[in-house]
Every structure is written in structure tokens, then in C-alpha cells.
Engineer: 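I have a structure here, written as C-alpha cells, and I will follow up with some questions on it.
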Amino acid sequence: MNNLQFVLFREISMRRPGAVILSALLATGCSSGGASGGGGGTVVTPTPTPSSSPSPTPTPSASYTKFAALTGDQTFLATCNSMEVNFDPPAIAPVFAPGNGIDIAYQASSRTWDLTGYGVNLSFGPADLDSSAPEGNQYYAHTITVPGSAERFRIHSATAGGSPIEYFRLLSIVDGLRAYSCVTGVSTKPTDVPAGVTINYSKTAVSGAAYRTVRFATTVYSLNANSTATISVNLATGKVTTTIRLVGVQVDPAGSSAPVDLGTITNVASIDAPTAGYYGHESIDWSSSTWRSTFAQLGGRFFGPQGAETGAMLTYKAEPLTGGADERLTVSATIIGIR
């Protein structure tokens, strides 16, 4: 893995009072013509000389470079969600819509990363690199003296169904008391549309955290190990349907390691053709047999040739469909898929 590898299975590093919380998407024919002539007596029909228009030159297929093979200066637009970590549960912000996001720039000569936009203005270089980061990941951090605050940038690699993502990665960014989780990479070109109508992603994965608050007491669950997702694209309707089963393991306060089923939610997002992104927001795009969304977005992008891979960010707040007036669910998660 080289030093331009970006991440997919992200780790969300979040902090709240008294605890540090780990969390981590078309020539044609020829024609021939003949002629006939006449003279006195015998009619002679000459053999026609075929003529044809030249075959059209095929449109060249779109070219993509896998993330690990990128060289030189690079720029990316990251789709992110974010949260203020000094609240209990954390205060979450909307997922960035298609065409918006944090600008990520890599300067090859200095081996530095510059992160700008949406209040972020950070730079990380070789001196900030954590040499103990797992293989395929890059961790950067600044030493700062503000209590309870941090400046951190992490590039994560990931797998889904045993296969590694190759065209995009996950990012986690901590800027003071705000934590961002993002997907970015080699985006699918808007004109590079796969054949067929329905596109399914056979390998998927979910990572992130869920916060279940009952009567002002919040329990934090990691979603990384047991949650599942299905992702299906309908090119006729321009919709992306994502269903996520949220299954968490309690991490704060420390408790049983038995998985807890937190319910299943479904989002139907609309494809934004100019950007090869998709977005679903608020209650009109969400359904669940157990939860009523009160503040929710899902924003994603397609990566690689003909949307070979996809990554999406989820922000979700909900209350129970029936009863449970004192119960709330807050989720920050990443969903990835490989065709």
C-alpha cells in the first residue's frame, strides 16, 4: 500500500464528556447502392459497386486509476457528515449534498495534505504522520494544547464481503470539537453509465456508531461488526435504495458484548446526474417499521468504472413509531458497496 492510499472502512473517533468513543456509486450502419442502365436490344445490368460509409469510431471507455496507484498532485471532493462531540448524544449536522464537500488536496513534492471548506482549514505533513498506523492506513495528528480538543486526519482502507475497495477511501477528520466522517476517491464519470436497469451491490459493509438515549441516559453502540446493508440502483427511475439493519455492540458505558438489534431503516435517494452522486433527506425518503425519522440524510457517490463501488454517509435521528416518548436514536455511519 503506498502513501496515497485513502480509506474505506473508517474508524470514527469521537469524544464526549468523560469518554472517548471509537466508531470508524450508449452507431450504425452502412448502406449500399446500385444503378441500372438501358440500350437498344439487350438490357445490361451492371454489377453494383458496393459503397459504404465508414464505421463510426467507438467512444473510448472511461479510464480510471485505482487509488493505490495514484501519483503526483491530487485533488478530491469529500462527501461527509459531521458532529459536535461535546454533547451527549453528539449534535449531528446534515450530510453534504452532491457537488458539495470538503476539498482534499495532496501536494506530492512536500507530501502534505490540505483540507479546506465548511470551516475546515487544516494541513498535515510527514512530521504529523503516525508510524504505528495499521497497514493500508495513514494517520496524522497535530499536537495542540487546547483541553479536550484535537486536530486529526486519518485515511482508512476497508473491505466489503472480503474484497477491498479499490477506487475510494474513508476519511476521518477532527477539527477542534467537530468530527467529520467522509468518503472520497476516484469518482465515476457521469457519462460512464453501466448497462441494464437494476444495479445491485453484492458486497456491502457498515461502520459507525449509534447513540440510544432513554430518559437522558445515552448508551453508545459500535455498528462495525454486525450491521448489514443492501444497496440497489434503478437507472430507469434514478433512485438508489439502501436498507440498513443496525446491529450494535455496547461500548459506552461498558456492558455486555452481545449484539443488540436497533432496528432496520430504508432510504430511497435520488441520483444527481451531473455529479454521479445521490442524496436522500428527511422523512420523505426514509421508512422503518420501528423508527420515525426526525432529522436524516444519506449522501453518496459512485466510484470507479461504471459505478463499480459506492460509498455513502448517513446521519439519522429518530424517535419510536409507537410509545417511547423519552427514547431517541442518533446514528452516524458509513455504508459501502462493491458490485
Side-chain angles (χ1 to χ4, degrees), residues 12 14 16 21 23 25 79-85 87-98 179 181 204-224 226-234 237-252 255 258-272 277-300 311-337:
I12 305 177
M14 299 171 286
R16 65 190 186 98
I21 304 158
S23 30
L25 179 66
T79 298
C80 310
N81 64 17
S82 67
M83 59 174 63
E84 293 281 354
V85 298
F87 292 91
D88 186 16
I92 59 176
V95 175
F96 295 154
S181 298
T204 62
V206 179
S207 62
Y211 306 80
R212 192 172 194 172
T213 302
V214 180
R215 295 184 178 88
F216 306 105
T218 299
T219 302
V220 185
Y221 299 88
S222 169
L223 301 174
N224 295 10
N226 301 284
S227 298
T228 59
T230 62
I231 307 170
S232 181
V233 182
N234 188 315
T237 61
K239 300 294 184 179
V240 180
T241 300
T242 305
T243 298
I244 309 129
R245 184 184 178 200
L246 301 167
V247 181
V249 173
Q250 185 174 333
V251 295
D252 183 29
V260 177
D261 192 337
L262 300 170
T264 298
I265 59 178
T266 295
N267 174 264
V268 181
S270 298
I271 296 175
D272 181 62
Y278 52 96
Y279 196 76
H281 59 90
E282 303 308 333
S283 58
I284 58 173
D285 293 334
W286 293 91
S287 61
S288 172
S289 62
T290 53
W291 299 102
R292 177 188 298 109
S293 64
T294 58
F295 179 84
Q297 302 86 28
L298 183 144
M313 304 309 307
L314 165 69
T315 288
Y316 187 79
K317 293 187 70 172
E319 58 189 17
L321 274 177
T322 58
D326 296 326
E327 183 179 0
R328 297 292 184 270
L329 181 70
T330 301
V331 180
S332 175
T334 302
I335 303 97
I336 65 171

Engineer: Nearest 0.5 Å, please: how far is CD1 in Ile244 from OG1 in Thr266?
Structural biologist: 7.5 Å
Engineer: I'd like to check Phe96 versus Ser82 (side-chain heavy atoms, cut-off strictly below 4.5 Å). Are they in contact?
Structural biologist: no
Engineer: Pairs in or reaching into residues 237-246: which pass salt bridge (charged side-chain N to carboxylate O under 4.0 Å, His left out), with residues at least two apart or in two chains?
Structural biologist: Arg245-Asp261
Engineer: Between Gly263 and Thr290, which heavy-atom pair has the shortest distance, and what is it?
Structural biologist: CA-OG1, 4.0 Å
Engineer: Quick one, Gln250 and Val260 - any side-chain contact, counting heavy atoms below 4.5 Å?
Structural biologist: no
Engineer: Nearest heavy-atom pair of Ser222 and Val251: which atoms, and what distance?
Structural biologist: CB-CG1, 4.0 Å
Engineer: Side chains of Thr241 and Ser232 only: does a donor on one sit below 3.5 Å from an acceptor on the other?
Structural biologist: no
Engineer: So which heavy atom on Trp291 is nearest to which on Ala318, and how close?
Structural biologist: CB-CB, 3.8 Å
Engineer: Taking all heavy atoms of Ala179 and all of Val85, pick out the closest pair and write down the distance.
Structural biologist: CB-CG1, 3.9 Å
Engineer: Please tell me if the side chains of Val206 and Thr334 come closer than 4.5 Å, counting only heavy atoms from C-beta onward.
Structural biologist: no
Engineer: Looking at CG of Leu298 and OH of Tyr278, how far apart are the two atoms once the value is rounded to the nearest 0.5 Å?
Structural biologist: 6.5 Å
Engineer: What's the separation between atom OG1 in Thr219 and atom CG in Leu262, rounded to the nearest 0.5 Å?
Structural biologist: 10.0 Å
Engineer: Taking atom OG1 of Thr315 and atom CD1 of Ile92, what is their separation to the nearest 0.5 Å?
Structural biologist: 5.0 Å
Engineer: Considering only heavy atoms from C-beta outward, does the side chain of Leu314 approach that of Ile265 to under 4.5 Å?
Structural biologist: yes
Engineer: So which atom in Pro259 and which in Val247 form the shortest heavy-atom distance, rounded to 0.1 Å?
Structural biologist: CB-CG1, 3.7 Å
Engineer: Hey, could you give me the CZ/CZ distance between Arg328 and Arg212, rounded to the nearest 0.5 Å?
Structural biologist: 12.5 Å
Engineer: Can you tell me how far CD1 of Ile231 sits from CD1 of Ile336, rounded to the nearest 0.5 angstrom?
Structural biologist: 8.5 Å
Engineer: Identify the residue among Thr79, Ile271, Asp272 that makes a side chain to side chain contact (heavy atoms under 4.5 Å, CB included) with Pro98.
Structural biologist: Asp272
Engineer: May I ask you to check whether Thr218 and Asp88 show a side-chain donor-acceptor distance below 3.5 Å?
Structural biologist: yes
Engineer: With Thr294, which residues qualify under side chain to side chain donor-acceptor pair (under 3.5 Å), at least two apart?
Structural biologist: none
Engineer: Identify the residue among Thr228, Thr230, Thr204 that makes a side chain to side chain contact (heavy atoms under 4.5 Å, CB included) with Thr243.
Structural biologist: Thr230
Engineer: Applying salt bridge (charged side-chain N to carboxylate O under 4.0 Å, His left out), which residue pairs with at least one partner in residues 290-300 are found, sequence neighbours left out?
Structural biologist: Arg292-Glu319
Engineer: side-chain contact (heavy atoms from CB on, under 4.5 Å) between Met313 and Ser181: does it pass, once the steps are laid out?
Structural biologist: CA-CA 8 Å; Met313 304 309 307; Ser181 298; 3.6 Å; yes
Engineer: Looking at every non-hydrogen atom in both residues, tell me the closest pair between Ser288 and Leu321 and how far apart they are.
Structural biologist: O-CD1, 3.3 Å
Engineer: Would you say the side chain of Val331 lies within less than 4.5 Å of the side chain of Leu246, judging by non-hydrogen atoms?
Structural biologist: yes
Engineer: Side-chain contact test, heavy atoms from C-beta onward, threshold under 4.5 Å: evaluate it for Pro90 versus Tyr211 and give yes or no.
Structural biologist: yes
Engineer: How far apart are the C-alpha atoms of Thr242 and Asn267, what are their side-chain angles, what is the distance that settles it, and do they pass the side-chain hydrogen bond (donor to acceptor under 3.5 Å, both in side chains) test?
Structural biologist: CA-CA 5 Å; Thr242 305; Asn267 174 264; 5.4 Å; no
Engineer: Could you verify whether a donor N or O on one side chain and an acceptor N or O on the other, from Asn224 and Ser207, lie under 3.5 Å apart?
Structural biologist: no
Engineer: Between Trp286 and Tyr316, is the ring centroid distance below 6.0 Å?
Structural biologist: yes
